[in-house]
Each structure stands twice: as structure tokens, then as C-alpha cells.
A.B. asks: 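This is the structure I want to talk about, given as C-alpha cells.
Every chain is numbered from 1, with letters handed out A, B, ... down the list of sequences. Because only heavy atoms are used, hydrogens play no part in the values below, and waters and symmetry mates are left out as well, while side chains stay in.
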Amino acid sequence: MTTTIDFLSHLNPSQRQAVEHYCGPLLVVAGAGSGKTRALTYRIANLILKHRVDPENILAVTFTNKAAREMKERIQKLFAEQLAMKEYGQRLDLLTEYQQMQLRSQVYKTTIKNLWCGTFHSLFSRILRFDIEKYADEKGRKWNRNFSIFDESDVQTVIKDIVNKQLNLDDKKFDARSVRYAISNAKNQGFSPQDLEREQPNYRGRVISQVYSCYQDRLAENNALDFDDLILIPTRLFQQNEQVLGYWHRKFCHILVDEYQDTNRTQYDLIRLLVTNGEDRKSEWEWRNRSVFVVGDADQSIYSFRMADFTILLEFQNDFGDGLPDEDTRSMVKLEENYRSCENILQAANELIENNTQRIDKVLKPTRGAGEQIYCHKADNELEEADFVINQIQTLKHQNPELDWGSFAILYRTNAQSRPFEELLVRNQIPYTVVGGMKFYDRKEIKDVIAYLRAIANPSDTVSLLRVINTPRRGIGRTTIDALVNASQQLGTTLWEILSDETSVNTLAGRATKGVNNFAAMINRWQEQIATIPVTEMLQGILEDSGYVQDLMNQGTDEATDRVQNVQELYNAALQFQEENEDVTLQAFLQSTALSSDLDNLKEGQTAVSLMTLHSSKGLEFPVVFLVGLEQGLFPGYRSLSDPASLEEERRLCYVGITRAQERLYLSFARERRLYGSREPAMRSQFLDELPEELLAQQRKSYQTYTKSASATRGQQQTKQNWHVGDRVLHKTFGIGEITHVFGEGNKVSVAIKFSSLGQKIVDPRVAQLQKVD
DNA sequence: TGTCGAGTACTTTTT
DNA sequence: GTACTCGACA
């Protein structure tokens, strides 16, 4: 047996310390591009190879499925390489394709398959499928292992219904969005409805707590959980049941958490429970054969809107570590050497983030050359901005044959910004992919088909049943549905219990009786086969049986054809799922669809320009990055301008964007942008001014001067500042506007300014403290 | 029961 | 400017 673990030799001392860490706590502060994923994967490999840790005893938590998949792939490759040396005395890539495949599949079976590596949501949803039946909440609500996972739109539907119909609240004051947000926040802090009421005893707090409680009732009735429950319920279960906690605590000896700065309170509680077995006294913790290893970078914390709390990372040293100062500590290591970006880019990133107050001091140290200057482009409007970017891409690609389309990324603050870029990419026939926006699983037809499967897997899932009971049309209308739902509510049973009882249907359904009974019989037929036939077969069967695809084909429109193709795509996804997974039950498939995101489809080495939000770009890297829309109010966003904490988060977001670039970085902003159909003037982002000037190659472009109206020409005067029609000015209280008229002259001058939101106002420039802006 | 039109809200970011 | 929702009408 080869015991030389040669893969350790490529590491720098800090990386090596991280990778060789065996037991006890360790915080790895990993700057962007410092080999974080490498540290994680190598450490796992080292645990297994050198310390003989059973993969089953390792829990590795990531924030995206993509990160999890990548990690598993890299570990698999490492092991295959080891095995190649051992069995053939040769490098893996020198073996035949068949031998390589053999080794990989062997590694998969013995190691990768047994690793618990995934997102918080997928791992704990898996744990819940073991243990949720042992849980009851404070009101005695219970769930079973076939639970559905409600997505955001399911949740919205339920909450709307509670607000409008059940509690008859004023939906202006309690709109579903903000109520949903409040409930989610509560859950992410570990609050029950009662806790929430105690925390916010005012009217609004009390009402929201009431909605929250009704919402939990609905979830329980549907045997469903939302995203937040997948974290909160395991936490509660671990708190209330020592045996359950003890089991998982003993199992997961080595816990690794990636992107630790993005954990929220509940996720932290969960990790802490598993590490400490619920024991609060630090002296009682047993580190002999266990560890907690977290990797993160407070400067890349960009999810506080989702209740992520990077102070959790800052507190790791006191929570788990030795709490010693940086020079002496054994429980923290910093990875500061950056292997990704050229020096200019790193310097820009470092200087920008220096403007933040809340952080661990850390600089990215360059290991590559200075590289190209950063280029900043000032565009007339969003169309010209797109024009510049696409032009630049074509030029660069032409001049640098080593670049392919996949080398370019266009990053923006909001999804809505993608459109002008897409239009130009299409017009120039450049291949591209947009990450985010409309997710595959959010499409109507996909949600319909998934709803069939959910109703079969979990008959209590009334939301799904109602979605498909008349899709395609079976002549089951509003009246019938209302009668059935009403009856189930009166009896305190699920809708399915009514539907599946012919006698009840016969009395309630009137003209639609036959349709309802056929529908119920069909669902029932598939339920009976749930354990015996594979997911693909069930999917195929239900698509035919329900007439769903036939209905689409009958419509014959382009849109319908598109939808049929998407349904086919879902079938392919199921097929792939079956090939790649151990657990191929319908429940497992539904879980994977509920927790998958668009980002997961972004394939490595794909030759298309990538368009995505800055949030989606975290963890990725590209030779050439365009960071667009750098305007006050857009990036940093409007809401953060008045709030220092969220302004710092925007700055971190900018930092993330900059550090995605390997060789070239382009920044751009527009002086005017179209938003909701109207043109809005814009001002360059403050972040641009925080970057070192000497690194920026700024383009100076002359713009056509506005044609001056008669009144403007007349109004030239010799005061300190001259005002012209067309000037864009910043008003202390009204913000940015454009001068439309200049009245009078000399000391009696006054100007009319058009503000985008406030309309036109006439002000005295000497009083109003106007400032010209670019 | 289904279709069509007017009216409204929307743009933060995602598992 | 668009996409979605809701109500009136056939």
C-alpha cells in the first residue's frame, strides 16, 4: 500500500497546515483565489488516506450544489490518481480510458458515495427523511418522511391565502412578500411563532406571528416543509431528542463547512449541536477523534439579506478555537496568497475592501505578474454599455486566440440588467448562457409535472393536488373544487381523503364527479407502484396517463412545443438522476429537484459567454470579467445608500466581482439608464472612486453637447458657476436631476430642474447648493 | 368555464 | 416596459 501522499508537496505552508489538520477546531481564513477548495478537498483526502477516517464519518457542507459536486469530483480524481500509482505504477492520465473509468467508479463505490457532502439543505433534508417522524413542534404538529419541499411560489400562494382568506387582513398593510420575509427571518433566527410574538409585541409582530402559526398549520396539513424548515427542524429535533442528536454526533466525527461567513444563526446552531453533542461547557468537549474545520472569508459575505451573519465567522476563535491572538493561535490559519488574478486586479480589490470597517485584516498577496490595466468605461446609456462590452469581447477574442467564448463573464447587480447584453449577443451570434433568472424548475410545465409526482409521493400535499386536479382540463371547475376543499376543511382531513373516497366525491362533485373519480383513481394507481417502478417510468406513465403532453401537443403553438421539450428535458434529468445516485426513490428525486438551482447547470469548460449576477459569480473565475452598471443607486443599490452596514455588503459584493477576474477586468457605468420604461439619470458608483486611480485606464469620450435653447443662451452669466440647460446636477435633498430652463441672470438666476421621481422644480442655485455631476 | 382586457406592481441578491 | 393578476363577459 502506498502511504506517500505526494499531493501534499504542491502546497504552500499555510495550505499545508490546513490540509494536515487532523483533530480539534480550525478556522481557515481563505481570501479569494487562495486555493480554498483545494484545501478542503485535500484535507478530506488526507483524513481518509492518512488518518484512516471512514468517509461515512465526514460531513462536508457547502452552499451550492455545484460546489458540492465539484468537491466530490476533485476528491474522486485525487483518489483515482493515488490508485493509478498503486495498481498500475502509472499516472492516471496515461492509462487507457477504460482503466481510468474503472478506477473512478471503484473510488466512487468505496469512498465518494459514502461521504456526506452537500448543501445544508440537501444534507439535512436527507437526515430528516430518517428522523422527522420523531419530531413534534411546540403545537404538536407532525410530519412524515414523505414530506414535500415547498418552493417560494408554493409558499407565496399559501401565505396569500392565509392573509386574504383565512385571517381577512388588509393586504396593503400585510402584503404576502413582506410577511413571508418576516416569517423567514424568524425561522432563520430559530424563532417559533410564540418567540416572534415575544420579540415583537407590537400589533404588526402579533399579526405576523399569527400568520406564521397558521402557515405552520398549513405546512403540517400538507406534510410539507419550506427551505428554512430544512434547517430549523433538525435543530429543534436535536435540541429535544438526545438520542437522535447523539446518533448523528457520533456519526459525524469530522465536520467541514465551506463559506462559513454565509452561515446564519440556525445553521450555526446545527453545526454547534453536532460538534458538541449539545454540551455547552467547552472543557467537556471531546476532540480526541473529531474536528470542526470551517473555511470562509468575511470579505466575501454577501448574503446578509438571507440572514447570513459573518460575525459567526469572526467569533469562531472564541466559540470553538483557542481564542489566542493571531500570532500564537493554533486554531486559525490564513490563506493569503492569491493564485488567480494579476497584481493590478488584486491591488484594486485590496484597496476597495480597505474601506470596510468590519473585517479581519487580510490582504491578497499576488503570485502572478502585474497584468493589464483595469479599464473603466463611461457609457451614454445601458445600450451603449452593452455595445462597448460586446465589441470589446469580439476584439479581445480576435486578438487573443487562446481565449474562447467561455473566457468571458459579464457580471451585474440585478438580473434585469441582462437584457441589452443578451440582445446584442444574439445579434452578433455569440454563444452565451444566462445563469439565474427563470429557473428551469420554475417553469409552469415543469412545476405541473413535478406537482403530479409530489401528489403521488405525498398525498397530503394539497397544494400540488390542486395544481394538477384540472391540468389539463378535466371539467373540474372552481365550484367543484371549492366544495371538495370545504368538505375536507370541515372534517379536518386532507383533500386527498375526500378525493379518494368515491362516495364522498359522488355527493359533492355534481357534474364533475366522473372527472374527479378518474383523477383520483389515476393518482392512486401510481401511488401503488411508487416502490416498484423507477422514477423515469413513473414520469413517462403519468405524462401519458394524465394527457398532459397530449394536451400541449394539441395546442400546437410554438410555446406549447417549447413546453413539451422542457418536459422531455425533465425526463432526461430524471434519467441522469437515476444513473448518478444511490438513492433513486421518488422522494430523493423530488428533493434534488426542489433544491437544485440554475447555477448547477453551468458546466465547466463551456464555450459560451457567461452572464450572471455578482451573487451567482461567487466561487467562479474567468480570464476576462466585465463588471457593469457601476452606478450610485444600482450598485451600490438604492437601499444601501443610507445604511452603512449594507453599503459595506455592497462593497464586499464589488470585491467578489473584481476578484473573479484572472487577467483582465473591465468596469463600466452609464450616465443614463432605462428603468421601468422611463429614462433615469445616473451617477458613477462611489466604488469607482475608491479604486486606485493609477490602476485605471479611463476612457475619455466626448459627448454631444446639448443644443441650448434660447433662454439658456440668454442666461449665461459670470457667477462662480454657470448653469446650462442639459447640465446634470445633484441637489442636496432631491437628488440628481437635469436642468431644463435657466431663468434670469447675474444674482437673480434661478433654474428649473427635472427630477426623475419628483418632477420639475424651480430652485435658486445659491440657496440649493447645487453640484454639477458627470 | 374560459377568454380577454385593463390595471398594477415590479427590480436586489438565493438555498 | 413587461409580466402577472383579477374581474367582466360570452
A.B. asks: Inspect the contact between D151(A) and K447(A) and indicate whether a charged nitrogen and a carboxylate oxygen are less than 4.0 angstrom apart.
C.D. replies: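 So K447(A) pairs with D151(A) through a salt bridge.
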A.B. asks: Using whole Å, report how far CD of E423(A) lies from C1' of dT2(C).
C.D. replies: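 Distance check: E423(A) CD to dT2(C) C1' gives 13 Å.
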A.B. asks: Taking all heavy atoms of A594(A) and all of I149(A), pick out the closest pair and write down the distance.
C.D. replies: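 Closest pair (atom of A594(A), atom of I149(A), distance): CB-CB, 3.9 Å.
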A.B. asks: Within 45° of the ring axis of Y303(A) and under 6.0 Å from its six-membered ring centre, is that where the NZ or CZ of R306(A) lies?
C.D. replies: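 Yes, R306(A) lies over the aromatic ring of Y303(A).
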A.B. asks: When you check the gap from the basic side-chain N to the acidic O, do E631(A) and R673(A) get nearer than 4.0 Å?
C.D. replies: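 Looking at R673(A) together with E631(A), the answer is yes, because their closest N to O distance falls below 4.0 Å.
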A.B. asks: Measure the distance from CG on N264(A) to C1' on dT14(B) and round it to the nearest whole Å.
C.D. replies: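 One finds 13 Å between C1' of dT14(B) and CG of N264(A), rounded.
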A.B. asks: Look at atom CZ of R204(A) and say whether more than 12 heavy atoms of other residues, nucleotides or ligands are closer to it than 6.0 Å.
C.D. replies: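 For R204(A), atom CZ is crowded (more than 12 foreign heavy atoms under 6.0 Å).
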A.B. asks: Answer yes or no for R265(A) and Y268(A): cation-pi contact, defined as NZ/CZ to six-membered ring centre under 6.0 Å and angle to ring axis within 45°.
C.D. replies: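 Yes; both conditions hold, so R265(A) lies above the ring face of Y268(A).
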A.B. asks: Assign each of L653(A) and T480(A) to its nearest nucleotide of DNA chain B by heavy atoms, then name whichever residue's nucleotide is nearer the 5' end.
C.D. replies: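 Result: T480(A).
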A.B. asks: Whole Å only: how far is the CG atom of N65(A) from the C1' atom of dT14(B)?
C.D. replies: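 Going from N65(A) (CG) to dT14(B) (C1'), I get 12 Å.
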A.B. asks: dT12(B), dG1(C), dT15(B): which one has an atom nearest the side-chain heavy atoms of H121(A)?
C.D. replies: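 Of the options given, the side chain of H121(A) lies nearest dT15(B).
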A.B. asks: OP1 or OP2 of dT14(B) less than 4.0 angstrom from a side-chain nitrogen or oxygen of T613(A), does that happen here?
C.D. replies: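 Yes, within the criterion.
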A.B. asks: Output yes when R454(A) and D154(A) qualify as a salt bridge under the 4.0 Å nitrogen-oxygen rule, no when they do not.
C.D. replies: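 D154(A) and R454(A): salt-bridged.
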A.B. asks: Can you check the M612(A) CE to dT14(B) P distance for me, whole Å?
C.D. replies: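 My rounded result for the distance is 11 Å.
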A.B. asks: How long is the line joining CG of L230(A) and P of dT14(B), in whole Å?
C.D. replies: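 Spelled out: CG on L230(A) to P on dT14(B) is 19 Å.
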A.B. asks: For nucleotides 3-11 of chain B, tabulate all protein N/O to nucleotide N/O atom pairs closer than 3.5 Å, reporting atom names and distance.
C.D. replies:
from: dT11(B); atom 1: OP2; to: R177(A); atom 2: NH1; distance (Å): 3.2

A.B. asks: Passes side chain to side chain contact (heavy atoms under 4.5 Å, CB included), M307(A) versus K187(A)? Steps please.
C.D. replies: CA-CA 10 Å; M307(A) 291 283 96; K187(A) 286 190 175 184; over 6 Å; no
A.B. asks: Per the side-chain contact (heavy atoms from CB on, under 4.5 Å) rule, which among V294(A), V295(A), V61(A), D297(A) passes with Y260(A)?
C.D. replies: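 By the side-chain contact (heavy atoms from CB on, under 4.5 Å) criterion, Y260(A) pairs with just one of V294(A), V295(A), V61(A), D297(A): V294(A).
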A.B. asks: Looking at S596(A), I'd like to know whether one of its side-chain N or O atoms comes within less than 4.0 Å of OP1 or OP2 on dT15(B).
C.D. replies: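 No, no such contact exists.
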A.B. asks: Classify G637(A) by what it touches in the nucleic acid, base, sugar-phosphate, or nothing, heavy-atom distance under 4.0 Å.
C.D. replies: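 Contact class for G637(A): none.
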A.B. asks: Can you tell me which nucleotide in dT1(B), dT14(B), dT15(B) comes closest to the side chain of N415(A)?
C.D. replies: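 In terms of side-chain proximity for N415(A), the closest of dT1(B), dT14(B), dT15(B) is dT14(B).
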A.B. asks: 5'-most contact on DNA chain B: R478(A) or E649(A), nearest heavy atom basis?
C.D. replies: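 Its nearest nucleotide being more 5', the pick is R478(A).
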A.B. asks: Any base atoms under 4.0 Å from S122(A), or only sugar-phosphate, or nothing? Heavy atoms, all strands.
C.D. replies: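 No contact at all - S122(A) keeps every heavy atom at 4.0 Å or more from the nucleic acid.
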A.B. asks: May I have the distance from Y181(A) (atom OH) to dT14(B) (atom P), rounded to whole angstrom?
C.D. replies: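 Those two atoms, OH and P, are 14 Å apart.
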A.B. asks: Mind checking ring-ring contact (aromatic ring centres under 6.0 Å, His included) for F293(A) and listing every partner two or more places apart, or none if nothing turns up?
C.D. replies: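 Expected list: none.
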A.B. asks: Checking all strands, does F63(A) fall into the base, sugar-phosphate, or nothing category for heavy-atom contacts under 4.0 angstrom?
C.D. replies: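 Touches sugar-phosphate only.
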A.B. asks: Counting only non-hydrogen atoms, which of residues 301-313 of chain A are less than 4.0 Å from DNA chain B?
C.D. replies: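 Y303(A), F305(A), R306(A), in order of number.
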A.B. asks: To the nearest angstrom, how far is I476(A) atom CD1 from dG2(B) atom P?
C.D. replies: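 Atom CD1 in I476(A) sits about 11 Å away from atom P in dG2(B).
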A.B. asks: For a quick test of reading the model: is some side-chain N or O of T479(A) closer than 4.0 Å to OP1 or OP2 of dT1(B)?
C.D. replies: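 Result: yes.
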A.B. asks: Between atom CG in L383(A) and atom P in dG1(C), what is the gap in whole Å?
C.D. replies: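 It is 13 Å, rounded to the nearest whole Å.
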